[in-house]
Amino acid sequence: MEGHSMKRTGAGRLIAITLAAALCAALAAPEAYAAKPAAQFDSNVAVRWFNLLHDLIKVERLTPPVASRTIGYAGVTIYEAIALGMPDHRSLAGQLNELDAIPASRQGRNFHWPAVANAALARSLKSLFAGASSDSLARIDALEQELAAGMQATVKQKLLASSTAQGRAVADAIIAWAGGDGYSTLTNCPYTPPVGAGLWEPTPPGFRPALQPCWGQLRPFVLTSGGECAPPPHPAYSTDPASDFYAEGFEVYDTVNHLSQQQTDIALFWSDDPGPAGTPPGHWISIVSQIAVRDHLSLDRAAEAYARVGLGVADAFITCWATKFQDNLLRPITYIRNLLDPAWNSPLTTPAFPEFTSGHSTQSAAASELLTDLLGDVAFVDHTHDARGLAPRVFGSFTAAAEEAAISRLYGGIHYQAAIELGLGQGRCVAGAVRERVRFLKDEDEDEEDE
């Protein structure tokens with residue numbers, strides 16, 4: 001009996017050892033869901049980060065051009081962070097200007113994609129907001145830590161660590177790429193505006209100097225240069241009451257003097273001034289985030305949507321600003337005060353840069369077309385300014401929203417009709433360039449080779 005008992009004890013130990021070895025192997029093995037593609041994760045991480053980005057644009061009072069650049073690099077960051085986790089998609093490396101490569105990984109696709117995105121966006125935004133307040137930088141750290149802590153309950157530490165390292169490597173590549181776009185030397189470059197009939201001059205009430213006069217010289221993301229999508233010319237400047245230009249100036253004057261309540265509401269809703277209103281490109285990021293939540297977009301769909309909008313608004317501002325400072329056209333408030341009514345004021349404060357073309361029109365057309373390409377004609381309710389007490393607005397499509405954003409600048413007394421209409425065309429040109437040169441999806445033969 002004693003020998004039999006010893007045999008049983010030995011067998012028990014063997015079983016215990018075997019079970020322990022199996023347990024250790026299981027603990028050491030990658031999580032089964034680590035190989036899940038990004039499409040099988042929700043967009044919560046993406047939405048949280050881009051909501052924070054929108055908030056930081058407000059708090060740090062970024063100007064619209066700077067906000068567009070920030071959104072552009074953030075959009076590329078999240079897309080590239082999870083590109084390996086989108087088997088049917090390709091990297092933007094080799095497609096965007098001077099973005100030559102993104103670090104590959106020895107682990108292939110064996111990452112937790114929300115963790116990769118979390119680390120990449122945290123690192124990227126810390127760089128993009130390097131001059132921000134300590135409170136803003138602390139908010140970036142806090143969100144990264146909060147999201148990482150939430151993942152620890154379901155994702156093994158080793159997997160989180162490797163995913164975090166991958167995200168930071170991607171961010172470092174984007175940061176290095178961003179450093180070569182000319183921003184550090186071109187931002188708010190010295191500028192003396194030309195003087196002459198029909199040329200821009202500082203406007204009331206602040207009579208501020210021109211904002212970002214060299215922005216059109218930045219390296220675009222997709223366009224060959226800031227001049228690529230130059231629009232047709234606006235009506236020639238004239239003070240002749242029979243001229244087309246006078247008719248445009250009078251249209252602004254007459255429209256503003258007889259605004260309906262609805263037109264006033266539209267002007268205020270799309271004003272999107274720097275500060276609490278969040279800038280025009282920030283408004284389109286808000287729209288993407290709302291759609292992502294409402295329609296339960298997966299992580300990969302949301303990442304592509306943010307990337308598309310980022311590319312669109314960033315290049316729209318570059319080409320728009322190139323046009324503005326080439327034409328140097330005077331603002332309606334200057335024209336109207338000189339010819340029609342010296343006491344006239346626009347409902348919205350005229351921004352401090354030349355009139356033609358309309359930045360709202362250009363970037364809204366670019367963003368709306370690129371979103372429509374991805375998501376289709378989506379009807380939505382825009383709640384961007386609920387917190388500011390502005391009623392939400394209902395749109396049947398992204399295009400309808402863009403067209404309202406554009407015409408809002410006439411109601412605000414900011415732009416002539418030509419700047420609005422030709423600005424929409426300029427934005428469509430930007431979207432067309434992205435559509436033609438940037439392929440998000442792989443070809444079928446690439447899918448087969450990849451498998």
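Keep in mind that the numbers below use all heavy atoms, side chains included, and drop hydrogens, waters and symmetry copies. Computed from a predicted model, the values in this text were never measured in an experiment.
Between Trp321 and Phe353, a ring centre-to-centre spacing shorter than 6.0 Å is recorded.
Contact check for Lys324 versus Trp215: no side-chain heavy atoms found under the 4.5 Å cut-off. With contacts defined as side-chain heavy-atom distances shorter than 4.5 Å, the pair Leu374/Phe440 does not qualify. You'll find the side chain of Arg393 stays beyond 4.5 Å of the side chain of His383, heavy atoms only. Pro64 places a side-chain heavy atom less than 4.5 Å from the side chain of Pro274. No side-chain heavy atom of Val45 sits less than 4.5 Å from a side-chain heavy atom of Trp113. Arg337 is listed as a side-chain neighbour of Pro204, based on a closest heavy-atom distance under 4.5 Å. The side-chain heavy atoms of Ser346 and Val256, taken from C-beta on, include no pair separated by under 4.5 Å. Side chains of Gln417 and Thr255 form no contact here, defined as non-hydrogen atoms less than 4.5 Å apart.
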Exercise for review: For Glu201 and Thr334, run side-chain hydrogen bond (donor to acceptor under 3.5 Å, both in side chains): C-alpha distance rounded to whole Å, both residues' side-chain angles, the deciding distance at 0.1 Å, then the answer.
Suggested key: CA-CA 8 Å; Glu201 58 188 68; Thr334 305; 4.8 Å; no

Exercise for review: Output, in order, the C-alpha distance, side-chain angles, deciding distance and verdict of side chain to side chain contact (heavy atoms under 4.5 Å, CB included) for His89 and Leu441.
Suggested key: CA-CA 4 Å; His89 282 62; Leu441 291 174; 3.3 Å; yes

Exercise for review: Show the numbers, then the answer: is there a side chain to side chain contact (heavy atoms under 4.5 Å, CB included) between Asp172 and Arg123?
Suggested key: CA-CA 8 Å; Asp172 287 343; Arg123 200 173 189 97; 2.7 Å; yes

Exercise for review: Determine, step by step, whether Val434 and Asp373 satisfy the side chain to side chain contact (heavy atoms under 4.5 Å, CB included) criterion, reporting the C-alpha distance in whole Å, the side-chain angles of both residues, the deciding distance to 0.1 Å, and the verdict.
Suggested key: CA-CA 11 Å; Val434 175; Asp373 288 346; over 6 Å; no

Practice item. Would you sort out whether Ser289 and Tyr306 count as a side-chain hydrogen bond (donor to acceptor under 3.5 Å, both in side chains), showing the intermediate values? Key: CA-CA 9 Å; Ser289 295; Tyr306 286 122; 2.7 Å; yes

Check your understanding: Yes or no on side-chain hydrogen bond (donor to acceptor under 3.5 Å, both in side chains) for Asn118 and Trp49, after CA distance, side-chain angles and deciding distance?
Key -> CA-CA 8 Å; Asn118 183 42; Trp49 274 109; 2.8 Å; yes

Review point. Would Phe317 and Val430 count as a side chain to side chain contact (heavy atoms under 4.5 Å, CB included) if you check the C-alpha gap in whole Å, the side-chain angles of each, and the deciding distance to 0.1 Å?
Key: CA-CA 10 Å; Phe317 269 90; Val430 171; over 6 Å; no

Exercise for review: Walk me through it: do Tyr416 and Phe356 pass the test ring-ring contact (aromatic ring centres under 6.0 Å, His included)?
Suggested key: CA-CA 8 Å; Tyr416 310 110; Phe356 185 81; 9.2 Å; no

Review point. Which is it for Ser133 and Asp135 under the side-chain hydrogen bond (donor to acceptor under 3.5 Å, both in side chains) test, yes or no, and what are the steps along the way?
Key: CA-CA 5 Å; Ser133 66; Asp135 285 348; 5.3 Å; no

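Closest of all the heavy-atom pairs between Val309 and Trp284 is CG1-CB, 4.1 Å. Across all their heavy atoms, Ala418 and His234 have their closest contact at CB-CB, 4.2 Å. Nearest approach of His360 to Ser408, heavy atoms of both residues: CD2-OG, 4.4 Å. Across all their heavy atoms, Leu410 and Glu251 have their closest contact at CD2-OE2, 4.1 Å. In this structure, Ala267 and Tyr411 approach most closely via the heavy-atom pair CB-CB, 4.0 Å. Contact record, Leu137 with Ala130: CD1-O, 4.5 Å, taken as the closest heavy-atom pair.
Side-chain contact check for Ser68 and Gln363: no donor-acceptor pair (N or O, by modelled atom type) lies under 3.5 Å. Between the side chains of Gln290 and Thr384, at least one donor N or O sits under 3.5 Å from an acceptor N or O. Remark: the Ser243 side chain and the Tyr237 side chain contain no N/O donor-acceptor pair separated by less than 3.5 Å. Between the side chains of His283 and Asp382, a donor-acceptor pair is found at a separation under 3.5 Å. Ser124 and Thr77 share a donor-acceptor pair across their side chains, judged by distance under 3.5 Å alone.
A salt bridge links Arg435 with Glu369: at least one charged nitrogen is closer than 4.0 Å to a carboxylate oxygen. Salt bridge Arg437/Glu228: present, at least one basic N to carboxylate O contact under 4.0 Å.
With hydrogens and angles disregarded, a donor-acceptor distance shorter than 3.5 Å links the side chain of Thr319 to the backbone of Gly226. Under a 3.5 Å cut-off, the side chain of Ser43 and the backbone N or O of Ala46 do not form any donor-acceptor pair. Using modelled atom types, no side-chain atom of Ser136 and backbone atom of Leu56 make a donor-acceptor pair closer than 3.5 Å. Asp295 places no side-chain N or O within 3.5 Å of a backbone atom of Ala292 that could act as its donor or acceptor partner. With Asp300 contributing its side chain and Met86 its backbone, the two residues share no donor-acceptor pair below 3.5 Å. Panel note: side chain Ser368, backbone Ser364; a donor-acceptor pair is recorded below 3.5 Å.
With sequence neighbours excluded, the residues forming a ring-ring contact (aromatic ring centres under 6.0 Å, His included) with Trp177 are Tyr73, Phe221, listed by chain and number. Residues passing the side chain to side chain donor-acceptor pair (under 3.5 Å) test with Asp244, sequence neighbours excluded: none. Gln212 is linked by a side chain to side chain donor-acceptor pair (under 3.5 Å) to Thr187, counting only residues two or more places apart in sequence or in another chain.
Taking CD of Gln166 as the start and CD1 of Ile82 as the end, the distance is 12.0 Å to the nearest 0.5 Å. Between Leu147 atom CG and Leu121 atom CG the span is 10.0 Å, to the nearest 0.5 Å. Atom CG of Asp55 sits about 10.0 Å away from atom OG of Ser286, to the nearest 0.5 Å. Here the straight-line distance linking atom OG1 of Thr350 with atom CZ of Arg409 works out to 8.5 Å at 0.5 Å rounding. Interatomic distance, CG of Asp377 versus CG of Leu371, reported as 11.5 Å (0.5 Å rounding). Note that CZ of Arg208 is 7.0 Å distant from OG1 of Thr203, once rounded to the nearest 0.5 Å.
Using the six-membered ring where Trp is involved, Trp344 and Tyr253 have ring planes that are tilted, between 30° and 60° apart. Relative orientation of the Phe395 and Phe380 rings is tilted, given thresholds of 30° and 60° on the angle between their planes.
Looking at Lys126, Arg168, Arg139 one by one, the single match for salt bridge (charged side-chain N to carboxylate O under 4.0 Å, His left out) with Glu144 turns out to be Arg168.
Judged by the 6.0 Å and 45° rule, Arg69 forms a cation-pi pair with Tyr183.
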